[in-house]
Amino acid sequence: GITWDIGNRHAWVLRAGAGEFTGRTKIAPVAGAMTNNGDVLVRRTEGSLRPWPAPPDTSVASVTAARVTLFTPGFRQPRTQRVNAGLSYAVGRSVAVSLEGGYQRSDFLLRRTDANRLPVPVGVTQEGRPVFGNLIQRGALIAAAPGSHRQFSAFDQISTLTTSGRSEAWAATLSIEGRVGRSLRLDADETCSQHRAYVPFGGVGD
């Protein structure tokens, strides 16, 4: 990072900086991979169940399958690259105007996919959302029939964790600061920003 007081007059000041930072992987996906190692069994059903905390009757929730979470090869820690710059101008000692902007790019973000889901949807909803599995209706509830949206019936969800996600963001801020006497300061800021994330997943926690 640099700071340049142009002409050393404390009127025009230019600031700029850039850096690359390595983040940390969240503990929840690691714990999920340790827990969902094939020993956790999942039951899925729709309809009336016995009151909590009694488990559902096996005749109602008879579909039992194992859940597995796997890390894919090439797993990496998240990385962020950031650059920013700003220019400020002081009008005497009472008014200061500044314009700042920055850009940030993050990659190797955690992404979850279900490897046991059907490779192609069997249909789409009225809104265009894909439907995986055979739909059933119980009253006002519409859901996929248990096991109908899985490739391998011995497993429920096979979560694969990859670091193929990324995101980009930029922002620009215009600020005006004014001082009235010694005890009153007025500030006005206007920010324009945009953020795009390329991380299509269903959550990274278990």
Flag for [Y]-[X]: side-chain donor and acceptor within less than 3.5 Å:
X	Y	answer
Thr72	Thr162	no
Ser98	Ser88	no
Gln77	Thr25	yes
Arg112	Ser159	yes
Thr113	Thr160	yes

Report task. Any chance you could lay out the side-chain contact (heavy atoms from CB on, under 4.5 Å) test for Arg196 and Ser167, step after step, and finish with the verdict? Result -> CA-CA 6 Å; Arg196 293 183 178 180; Ser167 67; over 6 Å; no
Linked, directly or transitively: [X] and [Y] (ILVMFWY side chains, under 4.5 Å):
X	Y	answer
Trp12	Val91	yes
Ile158	Val30	no
Leu161	Ile27	yes
Ile6	Val13	no
Leu99	Val97	yes

Minimum-distance pair of heavy atoms, taken over all atoms of [X] and [Y]:
X	Y	answer
His10	Asp5	ND1-OD2, 2.8 Å
Ala65	Asp156	CB-N, 3.4 Å
Leu118	Ser148	CD1-O, 3.7 Å
Asp189	Ser175	OD1-OG, 2.6 Å
Val40	Thr35	CG2-O, 3.4 Å

Requested in this report: State, yes or no, whether a side-chain contact exists between Gln104 and Thr80 at a heavy-atom distance under 4.5 Å.
Outcome: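 Contact flag for Gln104/Thr80 side chains = yes.
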Query raised in the report: Would you call Arg150 and Asp114 a salt bridge, using N to O less than 4.0 angstrom?
Result: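 Yes, this pair counts.
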Query raised in the report: Are Arg105 and Glu168 within salt-bridge range, i.e. N to O under 4.0 Å?
Result: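 The answer is yes: the pair qualifies as a salt bridge.
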Query raised in the report: Do Trp170 and Tyr103 have their ring centres less than 6.0 Å from each other?
Result: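 For Trp170 and Tyr103, the ring centres are not under 6.0 Å apart.
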Spell out, as yes or no, whether a donor-acceptor pair under 3.5 Å connects the side chain of [X] to the backbone of [Y].
X	Y	result
Asn37	Asp39	yes
Gln81	Ala18	no
Gln151	Arg117	yes
Asn116	Phe155	yes

Requested in this report: Take Thr191 and Ser193, measure what side-chain hydrogen bond (donor to acceptor under 3.5 Å, both in side chains) needs, and give me the verdict at the end.
Outcome: CA-CA 6 Å; Thr191 299; Ser193 63; over 6 Å; no
Query raised in the report: Should we count CD of Glu190 as having more than 12 external heavy atoms under 6.0 Å?
Result: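 No, not enclosed.
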Requested in this report: Give a yes or no on whether Glu127 atom CD has more than 12 heavy-atom contacts from other residues, nucleotides or ligands under 6.0 Å away.
Outcome: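 Enclosed: over 12 neighbouring heavy atoms sit under 6.0 Å from CD of Glu127.
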Query raised in the report: Could Arg79 and Phe108 be counted as a cation-pi pair, given that NZ or CZ must be under 6.0 Å from the ring centre and within 45° of the axis?
Result: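 Pair Arg79/Phe108 does not count as cation-pi.
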Let me confirm one number: the [atom1]-[atom2] distance from [X] to [Y], rounded to the nearest 0.5 Å.
X	Y	atom1	atom2	value
Glu177	Asp187	CD	CG	5.0 Å
Arg15	Asn84	CZ	CG	11.0 Å
Trp4	Leu87	CH2	CG	10.0 Å

Query raised in the report: Between Thr3 and Leu14, does a side-chain contact (heavy atoms from CB on, under 4.5 Å) hold up when you go through it step by step?
Result: CA-CA 6 Å; Thr3 300; Leu14 176 66; over 6 Å; no
Report task. Would you sort out whether Val122 and Phe132 count as a side-chain contact (heavy atoms from CB on, under 4.5 Å), showing the intermediate values? Result -> CA-CA 6 Å; Val122 298; Phe132 296 89; 5.9 Å; no
**Report entry** Intermediate values then yes/no, side-chain contact (heavy atoms from CB on, under 4.5 Å), Phe75 and Leu110
**Finding:** CA-CA 9 Å; Phe75 192 87; Leu110 197 60; 3.3 Å; yes
